[in-house]
Amino acid sequence: MTRPLSNDLRERVVAAVAAGGSCRSVAERFGVAVSSVMKWSQRYRATGSVAPAKMGGRRKRLLEPHRAFIVERINQTSHLTLHGLKEELAARGVKVSHNAVWLFLRREGLRFKKNAVRP
């Protein structure tokens, strides 16, 4: 991912728009995209700053607090599917995607296999 453009450039662009320049002419003058000029102006009007927002970082794991429940359900029900587990979590108020459940199970080493043929 590329770095954000400097605050100095952002401030000059926003000042030019505030002085009456159109977004297109200011964008052409400073060599930036029109969408950037619009977003920086909107950010300045909303927050009073042109500084970029935080980039990157890690997302918190939503299923970590529910690990005990997930392990219990897998041990109780051998024919439980990922979609079934996702629906049970949704009934408890935890809305996650199918992929989030799968990644959690893989990361925690909680693999289970469904048998295609049932006796």
Side-chain angles (χ1 to χ4, degrees):
M1 188 179 283
T2 61
R3 292 183 358 197
L5 294 173
S6 71
N7 285 342
D8 177 52
L9 175 63
R10 290 168 177 251
E11 290 168 357
R12 287 186 286 140
V13 166
V14 169
V17 171
S22 71
C23 289
R24 288 190 187 280
S25 64
V26 170
E28 188 175 324
R29 180 173 145 200
F30 288 99
V32 295
V34 176
S35 61
S36 295
V37 174
M38 293 172 67
K39 288 177 187 176
W40 296 342
S41 297
Q42 288 171 354
R43 180 184 301 263
Y44 181 74
R45 285 191 299 272
T47 66
S49 172
V50 293
K54 181 181 173 189
M55 293 176 60
R58 291 182 176 239
R59 294 180 61 184
K60 68 178 184 174
R61 295 180 177 170
L62 296 175
L63 294 176
E64 202 64 44
H66 306 281
R67 186 180 195 286
F69 171 75
I70 294 170
V71 170
E72 179 184 338
R73 289 302 297 142
I74 290 173
N75 291 335
Q76 284 179 351
T77 311
S78 62
H79 62 275
L80 186 64
T81 64
L82 289 174
H83 288 290
L85 184 57
K86 178 183 136 188
E87 290 170 7
E88 289 186 19
L89 287 166
R92 292 174 55 102
V94 182
K95 296 201 177 202
V96 292
S97 67
H98 172 84
N99 192 48
V101 176
W102 171 248
L103 291 174
F104 176 81
L105 293 174
R106 278 190 43 205
R107 185 174 48 249
E108 295 293 322
L110 299 172
R111 296 191 172 110
F112 61 97
K113 180 178 179 182
K114 281 187 53 179
N115 292 330
V117 179
R118 293 185 193 171

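Just the heavy atoms: all of them, side chains too, but no hydrogens, waters or symmetry mates, feed the values below.
- In this view, Glu28 satisfies the side-chain contact (heavy atoms from CB on, under 4.5 Å) rule with no residue, not counting sequence neighbours.
- Here the straight-line distance linking atom CD1 of Ile70 with atom CG of Leu89 works out to 5.0 Å at 0.5 Å rounding.
- Here the closest heavy-atom approach between residue Lys86 and residue Ser97 is recorded as CD-C, 4.0 Å.
- For CZ of Arg29, the number of neighbouring non-hydrogen atoms (other residues, nucleotides, ligands) closer than 6.0 Å is 12 at most.
- Looking at Val13 and Leu5, their side chains never come closer than 4.5 Å, going by heavy atoms from C-beta outward.
- Among residues at least two apart or in separate chains, ring pair (Phe, Tyr, Trp, His ring centres under 6.0 Å) pairs with a member in residues 82-101 are His83-His98.
- Residues Gly21 and Ser25 approach most closely at C-OG, 4.1 Å, considering heavy atoms.
- In this structure, CG on Leu85 lies 11.0 Å from NE2 on His66, to the nearest 0.5 angstrom.
- We find the CG-CD distance between Leu80 and Glu87 to be 9.5 Å, quoted to the nearest 0.5 Å.
- Shown here for Ala51 and Asn7, the closest heavy-atom pair between the two residues is CA-OD1, 3.5 Å.
- With side-chain heavy atoms closer than 4.5 Å counting as contact, directly or through intermediates, the hydrophobic cluster containing Val34 also holds Met38.
- Within the structure, salt bridge (Lys or Arg N to Asp or Glu O under 4.0 Å) pairs that include any residue of residues 9-27 comprise Asp8-Arg12 (at least two apart or interchain).
- Among residue pairs with one or both ends in residues 65-76, those qualifying as salt bridge (Lys or Arg N to Asp or Glu O under 4.0 Å) are Arg67-Glu108, Arg73-Glu88; sequence neighbours excluded.
- Each ring pair (Phe, Tyr, Trp, His ring centres under 6.0 Å) pair with one or both residues in residues 25-57, not counting sequence neighbours, would appear here, but there are none.
- Of all non-hydrogen atoms in Leu105 and Ile74, the two that sit nearest each other are CD2-CD1, 3.6 Å.
- To the nearest 0.5 Å, the span separating CZ on Phe104 from CG on Leu82 amounts to 12.5 Å.
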